[in-house]
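The chains referred to below are lettered A, B, ... by the order of the sequence lines, with proteins before strands, and numbering in each begins at 1.
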Amino acid sequence: MNLGYACINMKLSYPKKYGLDQHRITMNRSMIRRTFDEKGLDYTSELVMKNVADLHSIIQWNEDNGIKFFRMSSETFPWASEYYQDWTKFPNIRFIHAMLSDCGQLATQYGHRLTAHPGPFNVLVSPNEDVVQNTITDLTIHADIMDFMGLSRTPYNKLNIHCNGVYGDKESALDRFCKNFERLPMSVQSRLTVENDDKATMYSVKELYDGIYKRIGIPIVFDYHHHRFCTGGLSEQEALELAISTWPDDIVPVVHYSESRSKEQLDEKIRPQAHSDLIKQLPNTYGHNVDIMVEAKHKELAIEGFIK
DNA sequence: ATAGGTCAAGCGAGG
DNA sequence: CCTCGCTTGACCTAT
């Protein structure tokens, strides 16, 4: 069982704040549209080179600190949708490829599991063709980066998304998910997973199982915290085990765990779905071997105390 | 150097 | 109709 954290390393991102005498390390350097238009691809490439170099540092930091599970940021290549069609034309692409390849080799050598979680704008269930097209683009970019790293084309290195829409008709929305799945490149299809939602009106594990897994066979990521708000009539154990059953035998399933911010901060005004800074405990895995992605605002600091 | 306003994309919930 | 939150705050300008 591995514990992981997502996208940001607090100590490395804010070294001063945590009393470290070193420069900032982050894979989240980005820019607004206007800057992208003004400064162009050369400047973009500079940010990307720093981001991928820092990914290497983060992997090494993770190894040094006993962490073997990490979700990569989706912001490593700012505005990638504007240039992903032909990576070979991107400035310094040889350096970037080499660095990503090194990152992948390092992770593989250390036995680290690297995953990604493309954002809420990825809506495979959308009735709007433009939205679906943008989704295909964003997922393809994520998969390309994983390919550059030499990561497996399996859900071991998962690309995880939510359905992200209902439109008053789940049945047809789920239909569209399965139909649009066929339009994705193999680099995406082979890694894609889907996660249960934190709203009762959206998708429970059971609904994802019936509507997606049964038809296209992609694994379900079980989120403990979300399940509390959308049980689909299943207990935690039932939902967990149903999700686990969708994973290939030779790949350890991933689950997400977080705790309520309103409880942690003793503030009832905070919406119950919000994530806490830290966690008090680990989830009950009911004896199953899973990798646990801990979604806490303070990132790696939340799991430090649980790493053996 | 820091603070405050601003910032690609989609959706649903809450005010 | 507007804002928030989500995966994840980070960027940019004025002071």
*Would you indicate what A/Ser73 reaches in the nucleic acid, counting non-hydrogen atoms under 4.0 angstrom: base, sugar-phosphate, or nothing?*
nothing
*Side-chain N or O of A/Thr135 closer than 4.0 Å to phosphate OP1/OP2 of B/dA9*: no
*Please determine, for the side chain of A/Arg29, which listed nucleotide (C/dT8, B/dG12, C/dC11) has the closest atom?*
C/dC11
*Would you say C/dT13 has OP1 or OP2 under 4.0 Å from some side-chain N or O of A/Arg34?*
yes
_Base-pairing mate for B/dA8 - Watson-Crick or G-U, with both contacts under 3.5 Å_ = none
*When the distance from CG of A/Asp197 to P of B/dA13 is rounded to whole Å, what number comes out?*
10 Å
*What integer number of Å spans the P atoms of B/dG10 and C/dC11?*
22 Å
*When the distance from NZ of A/Lys16 to C1' of B/dT2 is rounded to whole Å, what number comes out?*
11 Å
*Would you kindly compare A/Ala6 and A/Met31 by the position of their nearest DNA chain C nucleotide and give the one closer to the 5′ end?*
A/Ala6
*Could you tell me whether A/Thr201 contacts a base, only the sugar-phosphate backbone, or nothing, with contacts defined as non-hydrogen atoms closer than 4.0 Å?*
sugar-phosphate
*Proximal nucleotide (of B/dG10, C/dT8, C/dC11) relative to the A/Thr35 side chain*: C/dC11
*Is any side-chain N of the basic residue among A/Lys206 and A/Glu238 closer than 4.0 Å to the acidic one's carboxylate O?*
no
*What does A/His142 touch in the nucleic acid at a heavy-atom separation under 4.0 angstrom: a base, only the sugar-phosphate, or nothing?*
nothing
*Quantified in whole Å, what is the P atom distance between nucleotide C/dG5 and nucleotide C/dA10?*
16 Å
*Mind checking the P distance from C/dC6 to B/dA3? Whole angstroms is fine.*
24 Å
*asked:* Give me the distance, rounded to whole Å, that separates C/dT8 from B/dC7 when you measure between the P atoms they each carry.
replied: 24 Å
*asked:* I want to verify a distance call: between B/dC11, B/dA8, C/dC6, whose nearest atom is closest to the A/Arg271 side chain?
replied: C/dC6
_Between A/Asp54 and A/Arg24, does any NZ, NE, NH1 or NH2 come within less than 4.0 Å of an OD or OE carboxylate oxygen?_
no
*Is the A/His112-A/Phe70 ring centre distance short of 6.0 angstrom?*
no
*Expressed in angstrom and rounded to an integer, what is the separation of A/Tyr14 atom OH from B/dT2 atom P?*
15 Å
*Looking at every strand, decide which applies to A/Ser126 at a 4.0 Å heavy-atom threshold: base, sugar-phosphate, or nothing.*
sugar-phosphate
*What is the nucleic acid contact for A/Ala116, judged by heavy atoms within less than 4.0 Å: base, sugar-phosphate only, or nothing?*
nothing
*asked:* So A/Asn134, base contact, sugar-phosphate only, or nothing? Heavy-atom distance under 4.0 Å.
replied: nothing
*asked:* Applying a 4.0 Å non-hydrogen cut-off, can you work out what A/Lys297 is touching in the nucleic acid: base, sugar-phosphate, or nothing?
replied: sugar-phosphate
*Select one nucleotide: of B/dG12, C/dC11, C/dC6, the one nearest the side-chain heavy atoms of A/Val166.*
B/dG12
*Mind checking whether A/His162 and A/His226 have parallel, tilted or perpendicular rings, split at 30° and 60°?*
tilted
*Calculate, to the nearest 0.5 Å, the distance between atoms CZ and SG belonging to A/Phe148 and A/Cys103 respectively.*
13.0 Å
*If you look at every strand shown and take non-hydrogen atoms under 4.0 Å, does A/Gly119 touch a base, only sugar-phosphate, or nothing?*
base
*Any Lys/Arg nitrogen of A/Glu304 or A/Lys11 sitting under 4.0 Å from an Asp/Glu carboxylate oxygen of the other?*
yes
